[in-house]
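Here is the structure we will look at, set down as structure tokens.
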Amino acid sequence: MKRALITGITGQDGRYLSQLLTSKGYQVFGLIAGQANPKAKLLMEENPSLDLVGGDLRDLPSLIAAVEQVQPDEVYNLGAISFVQLSFKQAELTAEITGLGVLRMLEAIRIVGGTDKNPIRFYQASSSEMFGKVRETPQKESTPFHPRSPYGVAKVFGHDMTVNYRESYDLHASSGILFNHESERRGLEFVTRKITNSLARIKLGIQDTISLGNLDSARDWGYAGDYVEAMWLMLQQDEPDDYVIATGETHTIREFLEVAFRIAGYDDWEPFVNHDTRFDRPAEVDLLLGDATKAREKLGWTPKVGFEELVTRMYESDLKSEQSNLDAGRR
Ligand code: GDR
């Protein structure tokens, strides 16, 4: 039975990946920080065979202990301060966890090592935010980085460190440059889920409007369930490498609003949306569009869920859960 250790297990991707690996027969361990983490119960309900291990990306000894205890075949480093907007307010903490956390995890793996015959394989969750002020479109593995936020800067550090450990210590360390990926499990702070959840509440008469920042930026949005498959595929290759994971389609926030409101039965979204400067960022990433040709050719990976289906799934899930909250309140 293969053993996997996942950091960031409570996040959207950690939850999908743990279920994917369990379905493939892995014993899955999730690194969880702090005492009595409020998300532990939900995780165990979703995946009862999951094991939780204490540890923190800020604390190298705890990572060494976790790797020693789990003896993993594969480590997936998904843990991070992942909200770009927050990274402007807590830049140092972002550098600490999103950046230095990668180095600590790599060190823990280098120190504990695994057997010569079966060395530990490592996946780093890199991000399209590293491309930032893009130098070319579409962006591929060779596109230079120009991050536009403390989050993006920290991700570049983690990415470069992963490449450096691969080259220096012959580690099987791969990096997935994932473009935005969303789902019913996306946090409410991210723009897609904020829109689908608010829209469901508007539809049910609980809320009147949505306050948003910049509507002109464009993102290459895929489905998180498809993207965790790519993470796993990278670690099954004989050689470690870096891969862009994207749909090859880009849409503005305006287009997301148009599609979502149409699905919900509205002709026009504009009366329901306000601009709120609190959601504008000090520096913005205007356009992301990924070229995942390498992942298609080498991993055989292609995205299955398209844009319209993604928006529909998210809206319908929010409508259902908001309706059941409403019913529970009335009872
Ligand atoms: P992003 O995702 O920064 O691309 O990073 P997010 O959904 O937060 O923002 C996307 C775009 O929408 C604009 N926007 C708003 N964003 C938020 N969150 N809230 C708003 O009210 C709002 N109004 C407009 C933003 O300015 C931005 O242009 C995500 C994260 O998951 C990262 O961790 C990951 O690495 C990248 O995707 C790939």
Side-chain angles (χ1 to χ4, degrees), residues 12-13 80 82-88 94 98 125-156 158-159 175-183 186-187 189-196 210-224 226-227 230 242-262 269-270 273 275-296 301-303 305-311 314:
Q12 166 189 262
D13 293 5
S82 67
F83 187 31
V84 174
Q85 199 176 338
L86 179 70
S87 80
F88 286 102
T94 304
T98 307
S126 285
S127 163
S128 53
E129 282 294 299
M130 300 190 305
F131 297 122
K133 192 168 183 192
V134 298
R135 305 277 179 88
E136 62 178 347
T137 299
Q139 296 87 46
K140 47 185 187 286
E141 293 79 5
S142 56
T143 304
F145 300 139
H146 185 145
R148 294 273 279 172
S149 62
Y151 169 83
V153 173
K155 281 288 179 189
V156 171
H159 178 85
S175 172
I177 307 175
L178 268 54
F179 282 60
N180 297 51
H181 43 288
E182 319 295 308
S183 73
R186 189 58 145 149
E189 66 275 33
F190 297 97
V191 77
T192 53
R193 183 78 201 289
K194 183 174 172 182
I195 292 171
T196 59
I210 318 178
S211 297
L212 294 171
N214 173 24
L215 305 184
D216 296 321
S217 56
R219 291 289 182 273
D220 180 330
W221 278 297
Y223 179 60
D226 291 343
Y227 284 38
D242 306 322
Y243 297 90
V244 159
I245 302 298
T247 68
E249 238 186 71
T250 192
H251 297 274
T252 60
I253 317 295
R254 271 171 211 286
E255 285 165 354
F256 191 102
L257 285 161
E258 260 160 43
V259 171
F261 274 78
R262 173 164 49 72
W269 56 271
E270 295 199 36
V273 174
H275 182 239
D276 186 332
T277 52
R278 281 179 307 158
F279 300 111
D280 291 337
R281 297 176 182 181
E284 181 61 283
V285 172
D286 296 324
L287 168 84
L288 290 174
L289 173 64
D291 175 357
T293 304
K294 181 173 168 184
R296 191 178 64 241
W301 179 85
T302 47
V305 177
F307 182 65
E308 181 120 2
E309 187 185 342
L310 173 67
V311 183
M314 291 176 71

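This is a predicted model, so every value here is computed, not measured.
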- Message: Using 0.5 Å steps for rounding, measure from the CD atom of Glu141 to the OG atom of Ser175.
- Response: 10.0 Å
- Message: Using the rule given for side chain to side chain contact (heavy atoms under 4.5 Å, CB included), can you reason through His146 versus Phe131, listing the C-alpha separation, both sets of side-chain angles and the distance that settles it, and then say yes or no?
- Response: CA-CA 5 Å; His146 185 145; Phe131 297 122; over 6 Å; no
- Query: Going from CZ on Arg281 to OH on Tyr151, what distance comes out if it is rounded to the nearest 0.5 angstrom?
  - Reply: 10.5 Å
- Task: Run the numbers on Gln12 and Ser183 for side chain to side chain contact (heavy atoms under 4.5 Å, CB included), then give the verdict.
- Result: CA-CA 8 Å; Gln12 166 189 262; Ser183 73; 2.8 Å; yes
- Is it true that the side chains of Ser87 and Thr94 contain a donor and an acceptor less than 3.5 Å apart? no
- Note on the structure: Gly222 and Leu310 have their tightest heavy-atom pair at O-CD2, 3.6 Å
- Message: Tell me whether Lys133 is salt-bridged to Glu284, with the criterion being a basic N under 4.0 Å from an acidic carboxylate O.
- Response: no
- Query: With a 4.5 Å limit on heavy-atom distance, are the side chains of Val244 and Phe179 in contact?
  - Reply: yes
- In terms of heavy-atom contacts, Pro144 and Arg135 come closest through CB-NH1, 3.7 Å
- Indicate, with yes or no, if the rings of Phe307 and His251 have centres closer together than 6.0 Å. yes
- Kindly indicate, with the supporting measurements, whether the criterion side chain to side chain contact (heavy atoms under 4.5 Å, CB included) is fulfilled by Val285 and Arg219. CA-CA 9 Å; Val285 172; Arg219 291 289 182 273; 3.6 Å; yes
- Message: So, using side-chain hydrogen bond (donor to acceptor under 3.5 Å, both in side chains) as the criterion, who are the partners of Asp242 when residues are at least two apart?
- Response: Arg166
- Kindly say whether Asp280 contributes a backbone atom to a donor-acceptor pair with the side chain of Asn214 at under 3.5 angstrom? no
- Can you check whether Ile253 reaches Ser217 side chain to side chain, under 4.5 Å on heavy atoms? yes
- Query: Leu212: what forms a side chain to side chain contact (heavy atoms under 4.5 Å, CB included) with it, not counting sequence neighbours?
  - Reply: Val191, Lys194, Ile195, Ile210, Leu215, Leu257, Val273
- NE2/His275 to CZ/Arg278 distance, rounded to the nearest 0.5 angstrom? 11.0 Å
- Nearest-0.5 Å distance, NZ of residue Lys140 to CG of residue Asp291: 6.5 Å
- Enter the distance from Thr252:OG1 to Asp286:CG here, rounded to the nearest 0.5 Å. 12.0 Å
- Looking only at atom types and distance, does a side-chain atom of Asp226 sit under 3.5 Å from a main-chain N or O of Val305, one as donor and one as acceptor? yes
- Item | Cation-pi geometry met for Arg193 and Phe190 (6.0 Å, 45°) | no
- Message: Phe261: which residues meet the ring pair (Phe, Tyr, Trp, His ring centres under 6.0 Å) condition with it, sequence neighbours left out?
- Response: Tyr266, Phe272
- Message: Apply side chain to side chain contact (heavy atoms under 4.5 Å, CB included) to residues Glu129 and Leu288 and explain how you reach the verdict.
- Response: CA-CA 8 Å; Glu129 282 294 299; Leu288 290 174; 3.9 Å; yes
- Tell me, which pairs form a salt bridge (Lys or Arg N to Asp or Glu O under 4.0 Å) where one or both residues lie in residues 243-256, sequence neighbours left out? Asp216-Arg254
- Report the distance from atom CD of Glu136 to atom OG1 of Thr143, rounding to the nearest 0.5 Å. 3.5 Å
- Item | Partners meeting side chain to side chain contact (heavy atoms under 4.5 Å, CB included) with Thr250 (sequence neighbours left out) | Ala218, Leu287, Leu289
- State, to 0.1 Å, how close Phe88 and Pro282 come at their nearest heavy-atom pair, and which atoms those are. CD2-CG, 3.6 Å
- Can you find a heavy atom in the side chain of Met130 that is under 4.5 Å from one in the side chain of Pro147? no
- Do Phe145 and His159 have side chains that get closer than 4.5 Å, going by heavy atoms? yes
- Query: For residues Gln139 and Ser128, is any side-chain donor paired with an opposing acceptor at under 3.5 Å?
  - Reply: no
- Query: Just by distance, do the side chain of Asp220 and the backbone of Thr247 share a donor-acceptor pair under 3.5 Å?
  - Reply: yes
- Apply ring pair (Phe, Tyr, Trp, His ring centres under 6.0 Å) to Tyr227 and list each qualifying residue two or more places apart in sequence or on a separate chain. His181, Trp301
